[in-house]
Amino acid sequence: MAIAEPQFDDLYREVIIDHFRKPRNRGTLPAPTQHAEGMNPVCGDEIMLDLDVASGTITALAFTGQGCSISQSSASMMTERVAGRTISEAEQIADAVSAMLVDGADPAAEIGHLEALQGVAKFPVRVKCALLAWKVLREGLDQAKSPAAV
Amino acid sequence: MTTATALDITAIRADFPILGEIVNGRPLVYLDNAATTQKPRAVIDALVRYYETTNANIHRGIHALAVRATAQYEGVRAKAAAHIGAPRPEDIVFTRNATESINLVARAWGDQHIHAGDEIVLTVMEHHSNIVPWQLLARRKGAHLRYATVTDDGHLDLDQFRSLVGPRTKLIAVVHASNVLGTINPIAEIATMARAFGATLLVDGAQSAPHLPLDVQALGCDFFAFSSHKMLGPTGVGVLWARPGLLESMDPFMGGGEMISIVKPDASTWADVPHKFEAGTPNIADVIAFGAALDYLAGLGMDAIRAHEMNLTAYALDRLRTVPGLKFHGPANVEDRSGLVSFELESAHPHDVSTIVDAYGVAIRAGHHCAQLLMRRLAVPATNRASFSIYNTPGEVDVLVEALNHVVEVFSDGDRRAAV
Ligand SMILES: Cc1ncc(COP(=O)(O)O)c(C=O)c1O
């Protein structure tokens, strides 16, 4: 019987392994305007995110947490991609990442190097790993938008 | 080791239709047996045969099929009793799974015997199913939980355990074989501790009943719980064994049909044991097919099964040691462990490991294994676990090792990897 070559290169792209091994913006901010956390109870992945949001723009982000390469690299790439963007720009990027992972849409231009996560869409059990950081980001942005958080 | 005749693994594999499956383009290597085992043809056939030739409700009909179904169902009680060395079939209660068996004890025995200020001693290596029912009971009653810990080499710390057991201890609930560490706990010794203070001892046998020759009387426990689906049988069937006399002294768990004797408007009297604890129509078909699983295990012999799984575990430990950056949990000595190995790779998270080995057709478990207290004690978020059954081979361990070496390659320094 012919034995197929194992197929996972689509998932573990170089960029993902690199961000997993050397996460960017890992740590905490001295006095974040927003803080949000999330966890996938099934697999134990967790992301804690600090945000500085001033006049509707994300000026700084830092994250801590633990988990698989997909959850942690997604967080690391996210912090690079949304830094310096307005809240609505960041939300558009989050929407485009979801569309790629959940709906199998082609990666939109604004997601940049996050297109490396495209292969995750083919591994349904891992999609929630990739989306965790984005769920946490949305929560932080919602806080920033709410009137209580001026 | 043992004088049991060796298993004919080729013949055994031919009895399991699913082992011919191709997953991700590769022959299935099923190493997640501690989660649930595969089922032999005899069990699958027993289910079909029941529905084609026997199907009827039990204990209720006078007609031929009802009599036949009742006899087959009740016959499995004796087989389950024999499997664990229990003296009386009527001390076997069929439940949905080991979890329900433990909950039954927490409710029907616990509500009667646990009072405010009493202590329940558990261990940090328990499965959540042997923790949460006791937390609920402790909360209902104002009782307290105490936890025995484990040593760095994966054994229960018996000195610390002994220090927890005293006059306030009413119950000790402990796992026989750990689903994460594989550790086989010294139940007879723990039974002595319990007896010294008149405490009741429940043993979670979910991971020992499939793998070890058992004698509940020699173990000295009062309750023993296990699940059919982890020992070649169907899902939806669990077993609770209780020391003779205990079930008679307990109140019912659930009320309804089958479990009553006489029903009057304000009160009822209970059926004899074990039916008092089997309210409603039970899982007749799956219990009967579980009987086929027990026959299959008995046909091979639990001594031979234990010998095979010990050899395979020893082989796995040796081979896994060759994978760079791999660390094991649990006792070093295979005599002290059941047929499973939990491990981590330095470079890769357990979920990434599991995804990559899955591409090789290898099914292993990744996660906290429903043992968060133990994960905390081991200071890891999750582990990988390969767990064996009668049909696994050294060649399958080799496929796992090949796949793990590939994981190490993927997660090694970028320049050592081929660019993607
Ligand atoms: C040690 C142990 N106890 C209890 C259980 C619960 O078994 P079930 O889910 O069949 O009730 C398991 C199963 O994972 C187990 O490994």
Side-chain angles (χ1 to χ4, degrees), chain A residues 1-24 37-48 64-76 101 113 115-133, chain B residues 20-29 128 344-363 365-372 375-376 378-384 395 399-400 402-420:
Chain A
M1 181 185 54
I3 294 190
E5 273 308 302
Q7 295 300 321
F8 50 79
D9 283 354
D10 276 358
L11 183 59
Y12 293 106
R13 302 266 299 271
E14 189 94 4
V15 180
I16 293 178
I17 306 290
D18 183 61
H19 276 264
F20 176 58
R21 293 171 52 86
K22 288 170 278 187
R24 323 296 200 266
E37 302 186 356
M39 177 166 190
N40 281 334
V42 181
C43 52
D45 291 347
E46 55 183 21
I47 299 286
M48 282 79 78
T64 54
Q66 58 174 12
C68 66
S69 64
I70 306 298
S71 68
Q72 302 301 304
S73 65
S74 181
S76 171
L101 292 173
H113 62 346
E115 63 86 28
L117 289 169
Q118 188 179 10
V120 178
K122 277 189 251 159
F123 293 80
V125 294
R126 307 299 301 276
V127 167
K128 67 182 186 320
C129 309
L131 287 179
L132 177 60
Chain B
E21 278 297 293
I22 300 296
V23 292
N24 297 325
R26 302 205 143 211
L28 170 67
V29 173
H128 295 162
E344 286 134 48
L345 290 181
E346 217 167 59
S347 54
H349 188 274
H351 288 102
D352 293 319
V353 174
S354 194
T355 293
I356 294 180
V357 305
D358 183 56
Y360 282 78
V362 179
R365 177 81 189 269
H368 55 55
H369 314 287
C370 301
Q372 290 181 10
M375 294 293 111
R376 228 161 281 148
L378 300 174
V380 296
T383 75
N384 287 111
V399 177
L400 170 66
E402 180 199 352
L404 290 174
N405 278 314
H406 205 138
V407 177
V408 173
E409 217 174 283
V410 170
F411 281 85
S412 67
D413 286 325
D415 37 285
R416 278 203 275 141
R417 299 173 59 227
V420 177

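Each chain gets a letter, A, B and so on, in the order its sequence line appears, and its residues count up from 1. Worth saying up front: this structure is predicted, and the values here are computed from it rather than measured.
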Q: Quick check on His351(B) against chain A: is it the side chain, the backbone, both or neither that has a heavy atom closer than 4.5 Å?
A: both
Q: Calculate, to the nearest 0.5 Å, the distance between atoms CG and OG belonging to Asp352(B) and Ser73(A) respectively.
A: 8.5 Å
Q: How long is the straight-line distance from CZ of Phe20(A) back to CZ of Phe411(B), given to the nearest 0.5 Å?
A: 6.0 Å
Q: To the closest 0.5 Å, what do you measure between CD1 (Ile356(B)) and OH (Tyr12(A))?
A: 5.0 Å
Q: Side chain from CB out, backbone as N, CA, C, O: work out which of these in Leu11(A) comes under 4.5 Å of a heavy atom of chain B, or both, or neither.
A: side chain
Q: Quick one: which of Ala403(B), Gly367(B), Pro381(B), Pro350(B) has the most heavy-atom pairs under 4.5 Å with chain A, could you say?
A: Pro381(B)
